[in-house]
Every structure is written in structure tokens, then in C-alpha cells.
Amino acid sequence: MKFSYTLLKKLAPVIKSSEQLMEALAFHAFEVEKVDGDVIDIVIPANRYSDAASHYGMAVVVSAILGKKTPELKLPALKSKAQSLNFKVGIDSKKLCPRYSGLYAEINKIGKSPEWMQKILISCGLRPINNIVDVMNYVMLEIGQPLHAFDFDEIESVKSKIQNPKSKNIVVRLAKEGEKIETIDGGKYDLDVNDLVIADEKGALAIAGVKGGKRAEVSLKTKRIIVEAANFDSVSVYKTSRRLNLFTDASARFSHGLAPVLVEKGIKRAAQLLKEVCGARLGDWLDVNYVKPSKTIIKFDVERFNKLTGLSLSEKACLEYLKKLGFQARGKFIEPPAERTDILIFEDLAEEIVNLYGYDRLLSVVPRALLSPSGAEDQIVLKDKIRSILTGFGLSEVYNYSFIGEPDPNLQNKFSLVELVNPIADDKKYLRPSLFPHLTRNIEENFRFYDEVRIFEIGRVFAKASGKNGIASGINEQLSLGIALGLKKGAPFLELKGIVEQMLGQAGLVDYFTKEDGEGRLRLESDHRTLGYLIAKDNKALAEINLDELLQLVVGEKEYRPLPKYPSATRDLSFMVDAEARVAAIQNIIENTSHLLDDADLLDWYEDPKLGPNRKSLTFRLVFQAEDRTLTDEEVDQELGKIVASLKEKFDVELR
Amino acid sequence: MDIQDLRHSFHHEIKGVKDAKTLEGFRIKYLGRKDGELTKILRSLKDLPLAKKRKIGPAANNLRKEIEVALEAKLKELQTTNYKLQTRIDVTMPGKKIPVGHLHPLTLMENRIREIFRGLNFSVVEGPEIETEHYNFDALNIPANHPARDMWDTFWLKLSANGGKFAQPDLRSKSGLGLKTQTNAEKIPRESASSPRVSALLRTHTSPMQIRYMETHRPPFQIIVPGRVFRYEATDASHEINFHQVEGLMVGENINLANFKYIIEEFFRQLFGAGTHIRFRPSYFPFVEPGLEIDILLDRSAEERGLYADQRGKSLRESAWLEVMGAGMVHPNVFRAVGYDSRKVQGFAFGLGIERLAMIKYKIPDIRLFYSGDLRFINQF
């Protein structure tokens, strides 16, 4: 929010320079975004609009920081009335308008506002209009209370000279269905029955707390005005302002919440300035529906303060700080100024004191806490392990967006996609259901610079929960591991499969199997659960593994197995078989026929027209081993014979 | 050729053999089953008269043994020589390129942060990326229908047509350290106080885990929560729609602001070096009171600082300070939301951006590089 250095210095003469002001604020109150000539841009926290979004409020804060007491605000001694001969105000929605003040004034001269006022308005980003409107805006900047001036002669009951003693000149009510308003800047808005308006007999004159209407706008012809200073319900203004997408200085202030006490300060200051600047003759000030809010009284306990902050200040010192900010202290009982709607509990007082005392004077103290072991969740440990295994295999880690655009219709189940209500772009409409789409793109993009790409990603993927199995409908969030290999020349699927197998082994998954699941696709299963998929796609190969599932299945412990005492015997078995025969099935037979077989590895495979149509050649290296003796050649040959026989039973095997 | 000649020519020729392959050919030449020179002699023995047989026979057999021994010795010698030959290579040649995998810089930064906090006795937990208004806002004392909530621009999720009600979770049975990641959004969310129907959103900060953790654990404890968060905002060199934070929370009977200062100074000095300066400034976050922000000043040259300064028109001296963290003492309303007695416990919470720290540490100028998947970038780390 923009402030004028000139006005701040006028209200808080203790300020010596803008550097001093900036430093004071930054280390004891608020962040200062920018200083540019007379303009100082200060970040007002969302809970401080009631007191600090005004030059006077800011002067109070700055003075307290610089060690001075709150400067007095000199306001005229006006008295409000409950009834007036000049005009009448009625409030239909008392809850949404806890205070409404109107001040009647007759204007002597309308025209430009004085230069000093214009300068301050400009510094604060406002455009000078005429002396009436400028006074309204200036008071808002100085006091923090938004004001609005209606041209009294444009109010319907005045204009048409309706002489109904019961009729009100101004009514605060909810808008009627279908009601419309044209604002002073020419904007046209359709109102909703939840929008609060200021109205006359004809219709809405202003959107309460947001913007004034065209109809009773102050113009150069204006002779008589009603100054409005009111307090509106912050939620109501916030909702209306958002729904209409109409954000003004006033709506920002009301949305954050203002103290009703500002209303009288605003009226008094406006009265003073209207006299001074517009030569106004003041009429009655009506103050309606105002119930003074109960005082906030907080007990201040200095021991509790020191326990919370780790400081060791005296009670006297603490109370001094609070008094500088205008807080009243009766013994230990503290009453904040009425504008300080943010001060509700003891901790709020503590913050005020710490801020003024200064964090630079806070010592750092080693915590005294019970020693309890620290740890990391199992899932985090598993992620670390996988990262270290995969980088050990030469894969690099990527991070991708959690969002995707329209998915490939062939690959995704569109119905389970989680869709955003407010996507930021077309290619980010859904939450990613899988790590595949981005990993595939990563490979293609890296092909511009690399012939071989080996990457992985660990991240959350999302799907709508099915609603079956008694689970209430919702969204399923799952931790996923994606591995992707790409070779400009070649097919990396078997390398990928090897990486996955080695990784699972090292991660501690002992019992799993893979199942062919369509062309170029392998399903990874363990304990009757699908753990993930491996996919071969031209010169790319991708795998995705559910780490939530994997975590349930890994066995951390390893156990020693005695080393073989007797030598093993090795035989290479080469044969031709039908090209469609699955190696996994063949290997399965080999491994499950002889109890003396220790290991079987596919040594070599190839397909060649010379082998005959639809034939492929496989060579396995078989290692035989007995725990209790050295195997003889005869025994080994016999076992080999059994294996060959079993193979021939199932496959068209031709030994080479 | 007689035996003596054969012996001579064998010993002469074997000297010239330079490798195992030639040696094998050499063996065949003398001992080959078909046409080996010595084999021929041995084979011809049966056609010789007895006296000659007796004379040549043992001599030929001796020669065979001699040749076999010599061949074996030569083979060993060749193997050793070859090994020696290899060591004679040009050692100034480049080493073989060993394929190396690289961790993402954000992982490296997260690991380092975790390592430092583990050293300070903090445990590491994670939480769900999909949240409800209750955990992301209401329980954190961020009022509904108030501009304070606009500090966090939020992505909202469409729920299935048959309503958006989540089942009530049972999170109160934990054993041991009680460290179990809660990732399944459907198990956890509750009805939000501010809206009758639960609305799902992408968490805008890691702070909801303050609530989730406190709901299921009793103090004293100290945790950090690394994780991905989301903001609905335009991207530029320093803003992303998804990024990573680390939340910190330490709660006990007497954990105070001065303790926070100790922990956080220790953290930044371990992360950026002992010469790092740290300062606190007042700030506002609804879930802490008092609330503050932390700036650091690195022990770098002024020139370097200028490069990574905030672009807010501050003077160079000012802009050398980097905003790195928001923090404060946990607000009593937050303790109330999880059923703690705020008169009996107190503590601090903080949040930092991993991207921000990685950008400072590794001098990365644009946050979008982290999500580019570009190996030219990642393989630098």
C-alpha cells in the first residue's frame, strides 16, 4: 500500500529521513517494498487494515518504534444525533451494517482541491477529482475509513419532493433480484440478493463498501451532500467484491475488516476538511445502528512472555512498549486501542513487545528438550535407497510437473483422471495419472543432445478412487517410480528389465514375477498385487512401479547362505525353437526340472532366416551344483537329459 | 628329421613365439594329433626294428615331455608378458567414460536439509499433496472469506459427481516412532468448518502437516516435512505452479523464540557456511504469533551478491539480503484445532522453499530449469 512520506512525517514528526523510516518499519513492523520520492510502498499484513492501512495508524507505529508516544489526532468536537430534520437513514440489514453515519453538508465552493492534498493523493496512487471527492479520499488515506459523498439533490425522495414522513432518504438493504447498478466509472453490474446496497426509493445508489453509483454522484453542480461513513460486514463485502470482480480501495479495506470506531473519526475529520477546503456549512450528523463493541481486555503475564520468547524483560519495560502504541494498562490488564482489531490474545501482545524490542537483540539459546531418537519415515528411506541404486546404474533423476493436458486416448483411462476446477493452462488441465507422459517427452527432448538417455522420477500420481470396496468417493494419491530409457539406435527394453530386476532385488523385494500383458508390455506382480508395468515402445522403454505397494512388500533383512563346498559343473545348452515360444516359459521349465540345477542364464539368442522359417536359437548356460558332493559327468549329463526331455514335451526344441 | 634335430628346431622356434595363439599353432606343429612332427615320429615307431624302437622310443617320449613342459612355461611367460605390455600404455590418455547417474539438484538440496535437521534431532515425515480446506486453511487459523486466504492462490479439484465426502480417518494408532507417510487423501480429509461440503485442493504449503502430525502425536517432538506444494500463479524466473517446501515444527513445554533462533542459525550456517549472517523481521502468517521472516546474507563477494539480488529496487546493500524463510511461534488457535492445551505447550514452526535455497546455493537463475527434464542441466550436479 502506498503512503506519502510528507504526510507520514507531518503526523509523526519524529521521522528524520525515509531511510530511517524504512529501517524502523522493516525491523520492527512491516516490510517496505519500495521507496520512490515521496512514495513509500509498505506491505500491510491482512490483519492490520483496521489500524495500519492509514497514515495516522502508520504514524502511531513509527512513533512507537522511534521511542515516542502516539501523536494526538486533533478532531473537532462534533456530536452525532439519532434523528435529523435534514435527512433520514434506515437500515434493513442490521447485521451486515453494524454502523452507518451520514453527515449533511451544504457546499459553498466546488472545484479543485488544494495542491498539498492533491500531492498526497497522487503519491498514494489516487487521481484528484474535485474538492469534495478528494476530501473523501484524503480522509480514507489519513484515518483509514472509506467515505462516500452522495449528491443530496439527486436522491429520489429529495428530487421528487416526496413528503412522506415515514419514507427514508437513504436505506441500507440487500439488493433485489434482478437489480442493476451503474457505477461512477460507468461500469454496469447485475446485483445478487446477497449484495448489500445503499439505496433510495428508486434503487441502488451504491454497492455498499465497494463503489458508488452514477446516479447520486457528486458533480460540479453539487450544492448539498450526504457524507457516508459506515461499517460493513467484511465477509459480505469480500464476497460481493469477488463475485463482481470489482476491487477498490474501499472494498479492500472493508474485506479485511475495520473497527467501527473509525466511522466517527472519519466523519469528524471529513467535517473539518469540508469546512476548510470546500467552505461547507455542516448540518446534522446521524449515527445509526451503532452498538459500541465490548472492550478487549487481556491479562499480561510477564513470566509467560519471557517463557514464550526466551527474553528476560521486566513487566515495566513490556508495558512501556505497549503504552507507546496507545494501549491502556490498568495493572496487568491491557486494553488495546479500538482500531487494533488484530489484538485478541496474550500472544498478540507478546508480538507487539518483541517487535518493538527488536529481533536483533534476541539471543539464540540451545533448546533443552528430552532426547528422543529421530528418524525418517519408511517411505522416505525407500525413496533414498531407490535413488541411490538407480544413480548407481547410471540413471539421472528428473522432476516434472504434476499436471498434464489432454491425455493420449489410447493410453489413459480418462474417467479416472482428476480434473482441476481452475487449470492455469490447457496443457495442465489434469493431475498426472502416471509418470509416463512427461518421461516420454523428456527422452525425446534430450535426444537433441544425447544419443542415449537414462532417467527416472519419483513423484505422486493421482486417480479418482473408484468408490468400490466401500471407499467413499475421493481421490487416490500414490507414490510412483518411473524409469525411462531411450536409445537413438537400438531397443533398450532388456536393459530396462535388467535395471528393474536388479533394483527390486537391491531394494529388498525377494518374491515377484512378471507377466506378459499385451504387445511389448510386462506386468510386475508380487503377492497377488500389481506392482507396476514395463513397456517397450520402439527405441524407448519405460517402467512405472507403485512405491506405496513396494514398501509393503520389501524385506529388509538379508541372511547368509553357506558357500558351496563342492565344485559346480557348467553346461551350455543351445537349441532352436519356434520364434513365438516365450523365453520366460522355456526358462521356467529349465529351472524347475532338475533339483541339481543352481542357475540358468540366457547366454545368447538370435533369429536368422538361415535357421529356417520362424525359428530362433537360444543358448543357456546351466550351472549344476550339489551341496554334499562333487557331481560326476554322468550325473550332470543325466540331469541335462531330463531338462531337454521336459523342453521337448512342451516345445518344438531342436538341439544344435 | 631325427630327434636331435627336432629338439633343436623346437627350442629355436619357441623363442620367437610372441602370443598364445601362435603358441597353440606351434603346439600343433609338434604335437598335433594328425601331422605333429613328433607325433609322426612316435607313430612311425611301430614300423621300426626292435633295436631302433628301443633307442628312439624313450628319446621321443622324453622329448614329448620336454616340449609339453616348455610349452606350459612359455604360455605362462606369455600371459605375464601380456600383462606387462598393458601397463606400458600411455597413461596420459583420457580415462574410460564411466556412466554416472545424477540426482536432481532439488533432491540434493532436500537431502542436505534433511541431513542438517537430522543432526539437530528432527525427524522427517511427509504428507499428502491433495488436501482439504480444513487442513490447508481452517485448522491453520486462516479465516474463510477473508483476504488473508488470498495469500495462497489455490488450485481446486473437481470431485466425482456423487458428492465429495471423504471417510473419517483413523490415524490415532501409531507404534514406535509413529513415522508413516500419509499419502492417501481419501482416508484423511474431514469436513471443513467453512464449507458444508469438503472441497479438495492441491496443498498450497506444507503447513497442513503441522495439523496432521499434531493430531496423531503428543509433544515433545521436532519434525521437518519436505514436500511438493502448488500455487495458482503465473510462472516466471522465480515463480512456479508447483515447487517444494520444507516445513519445520518443534513443540514442547518450553520451546521458545530464542530456541528457534538457535536452530535456524545453526541450520543456515551448516548449509551456507559459518560466515552466513541471519536476521529476523516481523511478518504475518495467521498460524503463528509472533510471526517473522528470516533473511540471510551470504559470505560472498559483493559482485556475486548483486547477481542474485532481489529485483525490488532496493539498494545493493539491502538487496544482498535474501528472504529465505517464514516462521513464528505456533498460534494458540492451531494448538486448539488439534486438541492441545496452549497453556501447557508452546513451540515454533517454519517454512522454507527448497527451490529458493537451491537457486542460492548453486547459483541457478531460473526456477523453471528444475522442471525442464534437461539432462544438460541435471548432469551438472
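Proteins get letters first, then strands, A, B, ... in listed order; numbering begins at 1 in each.
With A:N355 contributing its side chain and B:P282 its backbone, the two residues share no donor-acceptor pair below 3.5 Å. A donor-acceptor contact shorter than 3.5 Å links the side chain of B:K261 to the backbone of A:L362. The backbone N or O of B:P290 lies less than 3.5 Å from no partner atom in the side chain of A:E351, so there is not a single donor-acceptor pair. Of the possible donor and acceptor atoms, none in the side chain of A:S255 sits under 3.5 Å from a partner among the backbone N and O of B:P147. Under a 3.5 Å cut-off, the side chain of B:N145 and the backbone N or O of A:V235 do not form any donor-acceptor pair.
For the pair B:E110 and A:K383, the salt-bridge criterion is not met [side-chain N within less than 4.0 Å of a carboxylate O]. In this structure, A:R448 does not pair ionically with B:D374, as no charged nitrogen and carboxylate oxygen lie closer than 4.0 Å.
Looking at A:D384, the atoms closer than 4.5 Å to chain B (heavy atoms on both sides) all sit in the side chain, from C-beta outward. B:F370 touches chain A through its backbone: at least one of N, CA, C or O sits under 4.5 Å from a heavy atom, while the side chain does not. Heavy-atom distances place both the backbone and the side chain of A:K307 under 4.5 Å from chain B. Using a 4.5 Å cut-off between heavy atoms, B:L103 contacts chain A through both its backbone and its side chain. Within the 4.5 angstrom heavy-atom criterion, atoms from both the backbone and the side chain of B:E289 approach chain A. Looking at B:F155, both its backbone and its side chain come within 4.5 Å of chain A, counting heavy atoms on both sides. Of the atoms belonging to A:H438, not a single heavy atom falls under 4.5 Å from chain B. With a 4.5 Å cut-off on non-hydrogen atoms, B:L202 touches chain A through its side chain but not through its backbone. Contact annotation for B:F117: neither backbone nor side-chain heavy atoms come within less than 4.5 Å of a heavy atom of chain A. In this structure, the portion of B:E253 lying under 4.5 Å from any heavy atom of chain A is its backbone and not its side chain. In this structure, the portion of B:E293 lying under 4.5 Å from any heavy atom of chain A is its side chain and not its backbone. Residue contact with chain A, scored on non-hydrogen atoms closer than 4.5 Å, involves the backbone of B:S372 exclusively. Only the side chain of B:N379 comes within contact range of chain A, with at least one heavy atom under 4.5 Å from a heavy atom of that chain. When heavy atoms are compared at a cutoff of 4.5 Å, A:F346 does not approach chain B at all.
Rounded to the nearest 0.5 angstrom, A:Y399 OH and B:H244 NE2 are separated by 5.5 Å.
Cation-pi geometry between B:R281 and A:F27 is not satisfied (NZ or CZ under 6.0 Å from the ring centre, within 45° of the ring normal).
Residue A:Y401 is tested with B:Y371, B:F243, B:F230 for a ring pair (Phe, Tyr, Trp, His ring centres under 6.0 Å); the sole match is B:Y371.
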